[in-house]
Amino acid sequence: MNDAKLKQDDEDGGDRQRDWESTESLQSKFFDRRPAVVARQLLGCGFARRIEGVWVGGWIVETEAYLSSRDAASHSARGEKPGNASMFGRPSTLYVYPIHAKHCVNLVTESIGRGSAVLIRALQPVWGIERMIEHRGLSSLDVSDGRMLTTGPGRLCHSLAIDRRSDRVDPIADPNWCLFVGAKVPRNRITATSRIGISQSKELPLRFFVDGNRYVSGLAGQHRRPRRDSLP
DNA sequence: CGCGAGATTGGCT
DNA sequence: GCCAATCTCGCGC
């Protein structure tokens, strides 16, 4: 079933007219708030980049907030270093961090120098799906559904070809990136849990996901009964 | 199908 | 060396 959907989504190679022309782009002010607030509000927003004329991306369905203080799991907890400098940059800046031979992408929040950010953990793939499959080194036959593409922070970076070269980029100012308001996800459709894969500050409920969306990583997204794409 | 060990790479001690 | 905001595969129930 998803084969047909993937094909349809990508009929023109992802290079079709952007279908979000009339939508509302996120502004710098959006990110100049506490990371947990931004993490919640990013759910349902569109996130995409253009590579060689092809837009790749989708709807944000899972995020985690990393705080500027009292958060031992945050990369900013031990102060600013060359490797994490972008996390202390202006709000909306990308902070891209390599881990386990993969990458994770964050959006910086609050004002310059705070060191807080929101990790994008999963997208519902929408634009340039054939291109994402290429980036992942898969064939469409290997992809029974889109979860292999953009579920999980490492996989979504791979699909969008995000690596350290995208660190410090401002996706709001850069014409080859796009962040915009999509579906407003009502509060009662958002679940907050503890964050995944960290060893410190585990207890803080700073992971947010769209309830029931199957592109959410971990148990919450994969084997949940109502298996629907709960976004546009 | 759920769980745990191993893989793999860059950055920091 | 060692560790990490991960992912994948293989094994066991």
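Note that the structure is predicted; figures quoted are calculated from it, not measured. Side chains included, hydrogens not; waters and symmetry mates left out as well; all remaining heavy atoms used. The chains referred to below are lettered A, B, ... by the order of the sequence lines, with proteins before strands, and numbering in each begins at 1.
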Quiz item: What pairs of residues pass the side-chain hydrogen bond (donor to acceptor under 3.5 Å, both in side chains) test when at least one of them lies in residues 83-93 of chain A, not counting sequence neighbours?
Solution: A/Ser86-A/Asp167, A/Arg90-A/Asp170, A/Ser92-A/Asp170
Quiz prompt | Nucleotide interval of DNA chain C bounded by contacts with chain A (heavy-atom cut-off, under 4.0 Å) | solution = C/dA4 to C/dT8
Exercise. Measure from NZ or CZ of A/Arg121 to the centre of the six-membered ring of A/Phe208, then state whether that distance is under 6.0 Å and the direction lies within 45° of the axis.
Key: no
Quiz prompt | Where A/Val210 and A/Val216 come nearest, the two heavy atoms and their spacing | solution = O-CG2, 3.7 Å
Quiz prompt | Pair listing, salt bridge (charged side-chain N to carboxylate O under 4.0 Å, His left out) test, anchored in residues 25-47 of chain A, at least two apart | solution = none
Self-check item: Dot-bracket line, read 5' to 3' along DNA chain C, where crossing pairs take [ ] and | marks a partner on another strand, Watson-Crick or G-U under 3.5 Å
Solution: ||||.|||||||.
Quiz prompt | A/Pro171 side chain reached by A/Arg49 side chain, heavy atoms, under 4.5 Å | solution = no
Quiz item: Is it true that the side chains of A/Glu203 and A/Ser194 contain a donor and an acceptor less than 3.5 Å apart?
Solution: no
Quiz item: Heavy atom of residues 67-77 of chain A under 4.0 Å from DNA chain C: which residues?
Solution: A/Ala73, A/His75
Quiz prompt | Sequence neighbours excluded - side-chain hydrogen bond (donor to acceptor under 3.5 Å, both in side chains) pairs with any residue from residues 97-109 of chain A | solution = A/Thr109-A/Ser116
Quiz item: Can you name the residues that form a side-chain hydrogen bond (donor to acceptor under 3.5 Å, both in side chains) with A/Ser159, not counting sequence neighbours?
Solution: none
Quiz prompt | Any side-chain heavy-atom pair of A/Leu107 and A/Ile120 under 4.5 Å | solution = yes
Exercise. Grab the two heavy atoms, one from A/Asp145 and one from A/Val143, that are nearest each other, plus how far apart they are.
Key: O-CG1, 3.1 Å
Practice problem: For residues A/Arg207 and A/Glu62, determine if any side-chain heavy atom of one lies less than 4.5 Å from a side-chain heavy atom of the other. | Solution: yes
Exercise. List in numerical order all residues of residues 107-122 of chain A for which some heavy atom is under 4.0 Å away from an atom belonging to DNA chain C.
Key: A/Leu119, A/Arg121
Quiz item: In the hydrophobic clustering that connects Ile, Leu, Val, Met, Phe, Trp and Tyr at side-chain heavy-atom distances below 4.5 Å, which members other than A/Ile196 occupy its cluster, ordered by chain and number?
Solution: none
Self-check item: Qualifying residues under salt bridge (Lys or Arg N to Asp or Glu O under 4.0 Å), relative to A/Arg168, sequence neighbours excluded
Solution: none
Practice problem: Sugar-phosphate means primed atoms, P, OP1 and OP2; the rest is base. With that split, encode nucleotides 7-13 of chain B 5' to 3' as B, S or - using protein heavy atoms under 4.0 Å. | Solution: BBB--SS
Quiz item: Who pairs with A/Asp163 by salt bridge (Lys or Arg N to Asp or Glu O under 4.0 Å), at least two apart in sequence or on another chain?
Solution: A/Arg165
Quiz item: Given that A/Arg136 and A/Ser199 both sit by DNA chain C, which one's nearest nucleotide is further toward the 5' end?
Solution: A/Ser199
Quiz item: Taking the six-membered ring for Trp, is the centroid-to-centroid distance between A/Phe47 and A/Trp127 below 6.0 Å?
Solution: no
